[in-house]
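Worksheet for the structure shown next.
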There are 2 protein chains.
Amino acid sequence: MKDVKVSEPTVERLVKYHRLLERVTGEGRKVISSKEIGEMLSYKASQVRKDLSYFGEIGKRGVGYHVDRLYRHLGAVLSSPRLWSIGLAGVGRLGEAILGYKGFRSEKFQIKALFDVDPAKIGTKILGTPCYSIDDAPRVLREQNIEVVIISVPSGAAQYVADRVTASGNVKGILNFSPVSLALPDDVLLYSVDISVELEKLLFYLKHRGQ
Amino acid sequence: MKDVKVSEPTVERLVKYHRLLERVTGEGRKVISSKEIGEMLSYKASQVRKDLSYFGEIGKRGVGYHVDRLYRHLGAVLSSPRLWSIGLAGVGRLGEAILGYKGFRSEKFQIKALFDVDPAKIGTKILGTPCYSIDDAPRVLREQNIEVVIISVPSGAAQYVADRVTASGNVKGILNFSPVSLALPDDVLLYSVDISVELEKLLFYLKHRGQ
DNA sequence: GTGTGTGAAGTGGTTCACAGCG
DNA sequence: CGCTGTGAACCACTTCACACAC
């Protein structure tokens with residue numbers, strides 16, 4: 001797969017096209033147009049075509065996109081070179097929800113180790129995954145070659161946890177669910193999901209919706 | 001508060017400035033500069049100044065921003081006209097995590113009603129909040145004047161739930177945690193948080209990180 | 001001198017419009 | 001003729017650079 005530079009919004013849409021195609025494949029559809037994809041996901045047809053064209057000419061002019069071919073094509077674009085091992089720090093309610101989240105099952109990654117501070121959890125298995133002390137994270141992450149960590153701890157603990165986790169030198173990416181900006185070594189990729197900010201934005205625009 | 005049109009990224013940053021200021025206020029700091037704010041949140045100082053200038057000249061040239069004044073100013077910009085009543089549909093692991101999420105406490109809103117399909121949950125209170133059948137949603141939403149609903153149901157059920165919820169005619173905004181695009185009446189504002197898309201993006205850029 | 005406020009320039013992503021191919 | 005692929009036009013957000021107030 002050649003390496004085309006694509007913007008973050010494009011990657012996000014590619015993921016959504018892939019998901020949609022998975023569903024459509026199951027329904028036995030053979031061909032789909034950019035217009036139809038766009039209608040199903042609320043994007044402009046031209047946006048869909050541009051996104052899909054970044055990785056080669058995959059559609060047929062005058063016809064549309066062959067569903068199964070496009071599905072496999074996107075699968076290859078989004079595929080991982082291998083199965084990522086993932087750690088999850090903070091097994092509170094949110095952490096446990098993430099751990100058990102069905103939309104999160106994938107052949108791309110697997111949650112291999114949990115970390116917490118609660119002595120009642122350390123040393124046990126939760127939903128089948130072993131839980132370690134956060135202070136053992138550097139060792140465990142190295143031993144199990146875990147390169148991605150999800151942080152779902154309370155905001156006060158997030159920076160401490162991020163420091164422990166990056167101390168291993170093994171971690172290349174962090175997905176942060178806590179509502180704080182983390183300071184990280186700059187070779188570590190950070191993505192954040194801030195649940196309450198999204199609600200705040202919704203309420204802000206609701207307040208000003210007349211406009 | 002006069003109505004200035006601000007972009008979504010700006011609103012998101014305003015929320016983060018407000019949060020930061022809350023912390024900084026507590027630490028007894030009197031004055032802060034755009035440069036310092038930027039460093040703490042990983043934004044450019046010029047970005048911070050532009051964002052803060054949309055709602056009037058609030059800083060002092062040559063000095064910086066008075067922390068408490070700026071905090072209250074942002075509070076007013078982001079404030080709600082009143083306390084929003086919120087419903088939450090889908091009290092699975094994720095729904096319960098949201099319900100109990102501390103970062104979610106606010107004087108802007110309150111989760112007033114839960115909805116589910118599980119007969120074991122309907123009619124009970126969960127973490128102190130009453131749970132109703134999703135099919136009673138139109139009535140309950142109207143009776144309790146609930147205008148915002150959080151959807152945290154499995155993807156297969158999301159559209160059905162969205163239809164039930166908007167049937168009341170009362171709902172103005174939806175925060176969707178399920179990984180599907182919802183079709184909604186176009187006077188309903190939609191924000192989505194897609195947990196697995198964020199992880200997919202992280203893994204995609206990790207794979208291509210050499211670039 | 002110092003740090004804000006802001007027009008102007010720059011950057012990046014989206015949409016258009018049409019050429020090109022099936 | 002229909003629908004894709006794509007340069008060019010457009011639009012929106014970010015960054016710069018400097019006048020201005022303290």
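Just the heavy atoms: all of them, side chains too, but no hydrogens, waters or symmetry mates, feed the values below. Chain identifiers are assigned alphabetically (A, B, ...) following the order of the sequence lines, protein sequences preceding nucleic acid strands; residue numbering begins at 1 within each chain. Keep in mind that this is a model prediction, so the values were computed, not measured.
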Integer-rounded Å distance: D:dT4 P and A:R69 CZ: 14 Å
First encountered from the 5' end of DNA chain D, between A:K50 and A:K60: A:K60
Side chain A:R61 and base D:dG2 donor-acceptor under 3.5 Å: no
For atom CD of A:E39 and atom P of D:dC3, their distance in whole Å: 12 Å
Atom-to-atom span, NZ of A:K5 to C1' of C:dG13 - whole angstrom: 10 Å
Presence of A:S34 side-chain N/O under 4.0 Å of D:dT4 phosphate oxygens OP1/OP2: yes
Selected nucleotide, minimal atom distance to B:S46 side chain, candidates D:dT14, C:dG5, D:dC16: D:dC16
Value in whole Å for how far the C1' atom of D:dC3 lies from CG of A:L70: 14 Å
Parallel, tilted or perpendicular, as decided by the 30° and 60° cut-offs, for the rings of B:F104 and B:F109: perpendicular
Ring-face cation of B:R164 near B:Y160 (centre distance under 6.0 Å, axis angle within 45°): yes
A:R19 vs B:S196, side chain to side chain donor-acceptor pair (under 3.5 Å): CA-CA, chis, key distance, verdict: CA-CA 11 Å; A:R19 265 193 204 154; B:S196 55; 3.1 Å; yes
Interatomic distance where CZ belongs to A:R13 and C1' belongs to C:dG13 [whole Å]: 8 Å
A:E57 side-chain proximity, nearest of D:dG5, C:dT14, C:dT4: D:dG5
Aromatic ring pairing A:Y132/A:F115, orientation class (parallel under 30°, perpendicular over 60°, tilted between): tilted
Distance test, side-chain N/O of B:Y65 to OP1/OP2 of C:dG5, below 4.0 Å: yes
Nearest-Å distance for atom pair CD1/P, residues A:I58 and D:dT4: 13 Å
Side chain of B:K44 (C-beta onward), nearest among D:dT4, C:dT4, D:dC16: D:dC16
Atom pair distance, as rounded to whole Å: CD1 in B:I32 and P in C:dG3: 13 Å
Sugar-phosphate only, base, or nothing, as touched by B:L52 at under 4.0 Å among non-hydrogen atoms: nothing
Which nucleotide in D:dT14, D:dT6, C:dT14 has an atom nearest any side-chain atom of B:T10: D:dT14
Upstream residue (5' side of DNA chain C) when B:G59 and A:Q47 are each assigned their closest nucleotide: B:G59
Atom-to-atom span, CG of B:D51 to P of C:dG5 - whole angstrom: 12 Å
Parallel, tilted or perpendicular: rings of A:Y43 and A:Y17 (30°, 60°): perpendicular
